[in-house]
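Numbering of residues begins at 1 and proceeds along the displayed sequence.
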Amino acid sequence: MKKNWLLRIILGIAGVLVVAVIAVLIWQKGYYGGRWYGGTTINGVDVSKQTLAQSKEKLIDAHKDYSLTITARDGGSLTISGDDIDYKFDIGSQFDELFDKQHASMSFFGKKREYTMDYDVTYDAGKVARIASESALMTGDGYQIQKPVSAHVQYSSEKKQYECVAEVPGNKLKKKAFINAIEETLQRAQTEMDLTDEKTYPNVYKAPKITSEDEALKTALSTCNNAAIRFIKWNMGEGVTEQITPEEISQWITYKNGKVKYDKDAISDWVEAFCLKYKTVGKTRTIKDHNGKNVKIYGGDYGWQMDYEKTLSQTMKALKKSLDTSATEAYLKEPDNQDNKKALTIKNTVEYLNTAFQKDYQNFAVDWDTQNYTEISLADQMVYVFRKGKVAYSCKCISGLPVEGRSTPTGAYFIKEHNTHRVLKGDNYATPVDNWVRITWSGTGFHSAPWQSWSSWTKNYYKVRGSHGCLNLEPSVSKKIYDTVQYREAVFIH
């Protein structure tokens with residue numbers, strides 16, 4: 001009995017609810033029979049609970065003085081007046097059809113109904129295209145246009161490695177798509193157009209070719225880091241080192257289609273500057289002459305000079321050397337760890353074309369033995385051999401005839417070879433000599449000259465009896481010079 005009583009109560013309540021719902025639906029059907037349902041918008045205009053006639057009147061009134069306001073990226077905007085494009089608005093037949101379609105089915109409270117439709121509008125498409133094309137949004141007049149930039153990898157000085165740089169969307173419009181979007185908006189008689197809404201307008205702006213989600217970026221990041229993360233080092237002596245760092249290497253490489261390309265011109269420029277930095281050949285030097293006075297010596301071939309070609313070869317080989325991947329990964333995690341740097345350091349031996357007595361990185365020109373050298377004074381026609389900073393031996397000489405092709409060159413040179421006997425050859429001579437000591441590669445040197453009239457010697461004698469550029473010596477002193485001057489010792493001619 002109790003169960004039957006409870007069942008009757010439940011059925012009674014259910015019946016009341018059903019009746020109530022039916023009553024509400026009947027009321028709603030009656031009330032909304034000639035009205036738009038609540039929550040209805042058409043092309044963004046709210047027509048909720050309005051009769052068909054009221055909604056038409058509202059739309060016609062809203063578009064009486066029509067204008068379209070366009071909002072673009074980065075604060076850009078454009079307003080198109082209906083008068084400027086001969087805009088005429090008519091609701092058209094779709095509006096009535098939409099009304100009938102809404103009332104063909106039952107509706108429930110609280111449901112939003114958002115419709116889009118094309119009205120019967122007319123406008124001058126040519127004027128629309130012209131206004132859009134000549135607007136600041138397209139021309140950049142008073143509005144800065146930024147082209148899209150693809151996501152890419154770039155070396156970070158702060159992080160000391162390559163990193164992914166996100167794409168820049170930019171604000172460069174696609175002309176045709178922009179105009180088409182405007183016309184679609186005009187057809188719906190909408191008064192606002194927000195181009196920053198990518199969901200509504202996904203294709204009006206030019207887009208970056210590569211985005212941050214592109215898998216190719218990961219490959220580029222790994223490839224560039226593997227190529228750039230290395231230290232190429234040379235020990236210059238005297239506690240001085242030179243090295244190429246990952247940051248410098250990053251400026252020499254470009255990445256394209258999965259491969260790294262090296263800027264060989266930039267690398268060559270670096271190596272050239274490196275070699276020139278330590279080159280002392282040709283530098284101006286100041287020596288103490290036989291009178292104790294300072295004399296400046298210009299030019300010559302004495303000094304340090306690195307082998308450019310071999311240094312360039314070392315550099316390219318080190319740049320392309322495959323390194324331990326685990327060492328690179330360790331560095332990427334801790335770039336300031338000295339052990340990680342050491343594991344990625346490629347050491348090279350300095351290759352020289354020419355060397356000198358010493359290195360003085362405070363004054364590159366002091367690369368010679370300032371206590372032991374030879375001075376040749378062309379004005380005095382004298383040779384002075386210094387030992388321990390003083391003239392230990394001197395003798396007269398006869399230098400080259402002061403005419404083109406025969407004068408003795410001036411500058412800083414070094415003793416290159418000794419030959420007890422040698423045949424000196426020229427265009428019109430072949431002369432055997434004794435005690436030959438080479439000073440220049442072009443043929444200038446000391447040697448015995450018994451054919452000269454030494455009893456007639458004066459410091460001007462060379463002007464009439466000068467050699468082909470060599471330093472002629474008396475036979476009696478040539479052996480002394482031969483034995484005294486040393487291989488690679490500095491010779492200063494002035």
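- Formation of a donor-acceptor pair under 3.5 Å by the Lys174 side chain with backbone atoms of Asn203 is found in this model.
- Summarising the local packing, NZ of Lys359 is surrounded by more than 12 heavy atoms from other residues, nucleotides or ligands at distances under 6.0 Å.
- Side-chain atoms of Arg188 do not come within 3.5 Å of backbone N or O of Thr116 as any donor-acceptor pair.
- Two residues are said to be in side-chain contact when any heavy atoms from C-beta on lie closer than 4.5 Å; Asn294 and Ile287 fail this criterion.
- For Trp270 and Tyr262, the gap between ring centers reaches or exceeds 6.0 Å.
- For the pair Ser150 (side chain) and Lys209 (backbone), a donor-acceptor distance under 3.5 Å is present.
- Judged by distance alone, the side chain of Tyr331 and the main-chain N or O of Ala343 form no donor-acceptor pair under 3.5 Å.
- Considering every non-hydrogen atom in both Tyr201 and Met193, the closest pair reads OH-CG, 3.3 Å.
- In this structure, Arg285 fails the cation-pi test against Phe492, since its NZ or CZ atom is not both closer than 6.0 Å to the six-membered ring centre and inside 45 degrees of the ring normal.
- Between Asn354 and Phe414 there is a side-chain heavy-atom pair separated by less than 4.5 Å.
- Contact of the Lys112 side chain with the Thr41 side chain is not registered, since no non-hydrogen atoms from C-beta on lie closer than 4.5 Å.
- For Lys317, the side chain to side chain donor-acceptor pair (under 3.5 Å) criterion is met by no residue, not counting sequence neighbours.
- Looking only at side-chain heavy atoms (C-beta outward), Asp360 and Trp368 stay at 4.5 Å or farther from each other.
- Between the side chain of Gln161 and the main chain of Lys159, a donor-acceptor pair closer than 3.5 Å is present.
- Between the Glu247 side chain and the Lys160 main chain, no donor and acceptor come within less than 3.5 Å of each other.
- Counting heavy atoms from C-beta on, the side chains of Thr122 and Asp86 never come closer than 4.5 Å.
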Start with the C-alpha distance between Ile80 and Leu186, add both sets of side-chain angles, then the distance that settles side chain to side chain contact (heavy atoms under 4.5 Å, CB included), and finish with yes or no.
CA-CA 10 Å; Ile80 300 177; Leu186 293 173; 5.7 Å; no

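- Taking the ring-ring contact (aromatic ring centres under 6.0 Å, His included) definition, one finds that Phe178 meets it with nothing, sequence neighbours left out.
- Two residues are said to be in side-chain contact when any heavy atoms from C-beta on lie closer than 4.5 Å; Leu52 and Phe95 meet this criterion.
- For the pair Arg230 (side chain) and Leu319 (backbone), a donor-acceptor distance under 3.5 Å is present.
- Counting heavy atoms from C-beta on, the side chains of Ile182 and Ile70 come closer than 4.5 Å.
- At distances below 3.5 Å, at least one donor-acceptor pair connects side-chain atoms of Asn226 with backbone N or O atoms of Ser222.
- Between Tyr143 and Asp74 the shortest heavy-atom distance is CE1-O, 3.7 Å.
- The side-chain contact (heavy atoms from CB on, under 4.5 Å) test with Met306 is passed by exactly one of Met236, Lys277, Glu351, Lys279: Met236.
- Between the Thr40 side chain and the Ser48 main chain, no donor and acceptor come within less than 3.5 Å of each other.
- Within the 3.5 Å criterion, the main-chain N or O of Thr349 finds a donor-acceptor partner in the side chain of Gln314.
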Determine, step by step, whether Glu134 and Thr139 satisfy the side-chain hydrogen bond (donor to acceptor under 3.5 Å, both in side chains) criterion, reporting the C-alpha distance in whole Å, the side-chain angles of both residues, the deciding distance to 0.1 Å, and the verdict.
CA-CA 6 Å; Glu134 295 177 358; Thr139 65; over 6 Å; no

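- Residues Tyr155 and Tyr162 place their aromatic rings such that the two centres sit under 6.0 Å apart.
- Within 6.0 Å of NZ in Lys206 there are 12 or fewer heavy atoms belonging to other residues, nucleotides or ligands.
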